Amino acid sequence: MSIVPTTLPRGRAGGPPPDDARRGWRPPHNRARLAGHVLGVGLALVVVLGVVHEDSASLGTAGGWANAVGRLTGLVGTYGLLVMVVLVARLQFVERVVGQDRLVKWHRWIAPGVLALLVAHTVANTIGYARAAERGVAREFWTLLTTTGGMLTATVGLVALLVASATSYRVAKRHLSYETWWVIHLYTYLGIGLSYSHVLSSGSAFVGEPVARGFWIALWLLTAGLVAWYRVLLPTVRSAYHAMRVESVVAENADTVSITVVGRRLDRLPIHGGQFLQWRFLKAGLWWQAHPYSISSLPTRTTLRFTVKRLGDHSAALLTVEPGTRVAIEGPYGTFTRHRLHLDRVLLVGAGVGVTPVRALLEDLPGGVDVTVLLRADRHEDLVLADEVERFVDEHGGRAVTLVGPPDEVPIDAPALRAAVPDVADREVYMCGPTGFMRAMSSSLRESGVPPERIHHEAFTF
Ligand SMILES: Cc1cc2nc3c(=O)[nH]c(=O)nc-3n(C[C@H](O)[C@H](O)[C@H](O)COP(=O)(O)OP(=O)(O)OC[C@H]3O[C@@H](n4cnc5c(N)ncnc54)[C@H](O)[C@@H]3O)c2cc1C
């Protein structure tokens, strides 16, 4: 077993040279690590901003402590909200290192804390002002709402955030279509926007404090700029430049198609085998939604292909999308690439339509890598792209194994895995498939001696 230099030529015969820099790959981590440090320093500055004005005189007044807690929780909570936005702003240099699935997980993980801080801010400040004015809390809340500038919009904003977050809980999400959830989630941007003026106009840390105001405004501008650039402008510029259209839709089986798009200089897209794009089809009924699909072969100068299995409305509509339909893209995204490969022996596992990124990754692997591919499907007709996989495996002098049949008849437990791939413990593993399969496969791999850091997976759900 030895370490693979990721700059080895790819295994594909012919095709463009493995020019990593041109295709958007940089040696890992530096900018992502810097982004992490910037977030930490930002948090420290916000905490300083929240406590620097407190002294024994202000804390000793009626409601002084409650107001101090309200100010600090408000500032830290708002900062957390901006961090949540940045985590899902699809910053490519961060996403390429961390992965979109992990960024979304972190976004979800900090959300309850951030919302709790914002609710605590509202409650503590209302109590503080009520004590100072010697009024009841409910009456003070109403007075603040109706007489203090920015308070009504900030409250509407907070309610929008709470609604968006409630719909993200698994139980609620199960009852909503992805698109409904997504539209509700857009209200978070409204909620954040509505709270902006409230913080600057009523936060005592900012009144008559130009440096603090400048810092706060810069934070908001930076967040808005990152969202505008990475989520709107970059995809728009990229889509306009590549000018993609559907060229052909080829059936792989009854409910899976491979769609080839043509466009300008697609070999300049900074995309690697195993990555995905968010695809938007510019036709009635589809233009407003973008869905993630992995590429199923590397781009040529003018073409790019992906493969879709019918699952719901969007994927079903793609089975009959007309050639000539214009296409916009966002991305590429994903860390399921050869850049994570450390060994020269790899096992690629694709179950069902999970073969898609495996197929493109196989094409992108360095030539000297010893490859075994395991394809899993319930029925033979579900083994899509299997002939292409076998061709690339042959080019590598590797081995392709197929396991076909229902899970109760053809299990993927540890003994079955070791029978199919006897040297599995010496390999680095990339796998993609349905959630249940990935879970079972992960535990079989670990039981067979593959440590978790040598298992890479692509999940088709966030
Ligand atoms: C990183 C990634 C790569 C993928 N690659 C492929 C691929 O190569 N081939 C393929 O057939 N499928 C792929 N998928 C799955 C594909 O995105 C979904 O099947 C498709 O979006 C379902 O949409 P729908 O309207 O047809 O079904 P729905 O009934 O709306 O959704 C079915 C499931 O897909 C999820 N989903 C729907 N829309 C999205 C979205 N925009 N983002 C994330 N999840 C969503 C829903 O939460 C639900 O779990 C990939 C998914 C991800 C996250």
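For clarity, every value in this text was computed on a predicted model and none was experimentally measured. Positions are given from 1 along the sequence. First listed ligand is number 1; within each ligand, the first listed atom is number 1.
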Q: Go through ligand 1 atom by atom and flag the ones less than 4.0 Å from a non-hydrogen atom of Val353.
A: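 Listed by number with element, the hits are 9 (N), 11 (O).
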Q: Pick whichever of Arg310, His291, Lys309 has a heavy atom sitting closest to atom 22 (C) of ligand 1.
A: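 Closest candidate by heavy-atom distance is His291.
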Q: Does NZ or CZ of Arg264 lie under 6.0 Å from the centre of the six-membered ring of Tyr241, at an angle within 45° of the ring axis?
A: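 That pair qualifies as a cation-pi contact.
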Q: Can you list the ligand 1 atoms lying under 4.0 Å from a non-hydrogen atom of Phe276?
A: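 Numbered from 1, ligand 1 contributes 1 (C).
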Q: So, Tyr79 side chain and Leu39 main chain: donor-acceptor pair closer than 3.5 Å or not?
A: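 Yes.
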Q: Please report whether ligand 1 has a polar contact with Glu458, defined as an N or O pair separated by less than 3.5 Å (distance criterion only).
A: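 No: no nitrogen or oxygen of Glu458 is under 3.5 Å from one in ligand 1.
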Q: Angle class for the Phe306/Phe281 ring planes (parallel below 30°, perpendicular above 60°, tilted otherwise)?
A: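 Tilted.
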Q: Return yes if some donor-acceptor pair links the side-chain N/O of Ser443 with the main-chain N/O of Ala440 below 3.5 Å, else return no.
A: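 Yes; judged by distance alone, with no hydrogens or angles, the pair exists.
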Q: Side chains of Ser448 and Arg418 only: does a donor on one sit below 3.5 Å from an acceptor on the other?
A: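 Yes, a side-chain donor-acceptor pair sits under 3.5 Å.
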Q: Please check if the side chain of His272 supplies one atom and the backbone of Pro270 the other of a donor-acceptor pair under 3.5 Å.
A: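 No, His272 side chain to Pro270 backbone: no donor-acceptor pair under 3.5 Å.
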Q: Where the closest heavy atom to atom 32 (C) of ligand 1 is concerned, which of Asp101, Val384, Leu311 has it?
A: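 Comparing heavy atoms across Asp101, Val384, Leu311, the nearest one to atom 32 (C) of ligand 1 lies in Leu311.
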Q: Could a heavy atom of Pro357 be found less than 4.0 Å from some atom of ligand 1?
A: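 The answer is no: ligand 1 sits nowhere under 4.0 Å from a heavy atom of Pro357.
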Q: Please tabulate, for the side chains in residues 397-417, all donor-acceptor contacts under 3.5 angstrom to protein atoms that are two or more places apart in sequence or on a different chain.
A:
from   : atom 1 : to     : atom 2 : distance (Å)
Arg399 : NH2    : Ala420 : O      : 2.6
Asp413 : OD1    : Ala416 : N      : 3.1

Q: With heavy atoms only and a cut-off of under 4.0 Å, state how Thr307 meets ligand 1: side chain, backbone, both or neither.
A: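 Only the backbone of Thr307 comes within reach of ligand 1.
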Q: Go through ligand 1 atom by atom and flag the ones less than 4.0 Å from a non-hydrogen atom of His314.
A: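 By the 4.0 Å cutoff, the relevant atoms are 24 (P), 25 (O), 26 (O).
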Q: What atoms in ligand 1 come closer than 4.0 Å to a heavy atom of Thr356?
A: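 Here the atoms of ligand 1 in question are 8 (O).
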Q: Does Tyr293 have a non-hydrogen atom less than 4.0 Å from ligand 1?
A: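 Distance cut 4.0 Å: Tyr293 passes for ligand 1.
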Q: Measure up the Tyr430 and His456 rings against each other and bin them: parallel (under 30°), tilted (30 to 60°), perpendicular (over 60°).
A: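 Rings of Tyr430 and His456: tilted, as their planes differ by 30° to 60°.
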Q: Would you check whether Ala290 reaches within less than 4.0 Å of ligand 1, judged by its heavy atoms?
A: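 Yes; Ala290 lies near enough to ligand 1 that a heavy-atom distance drops under 4.0 Å.
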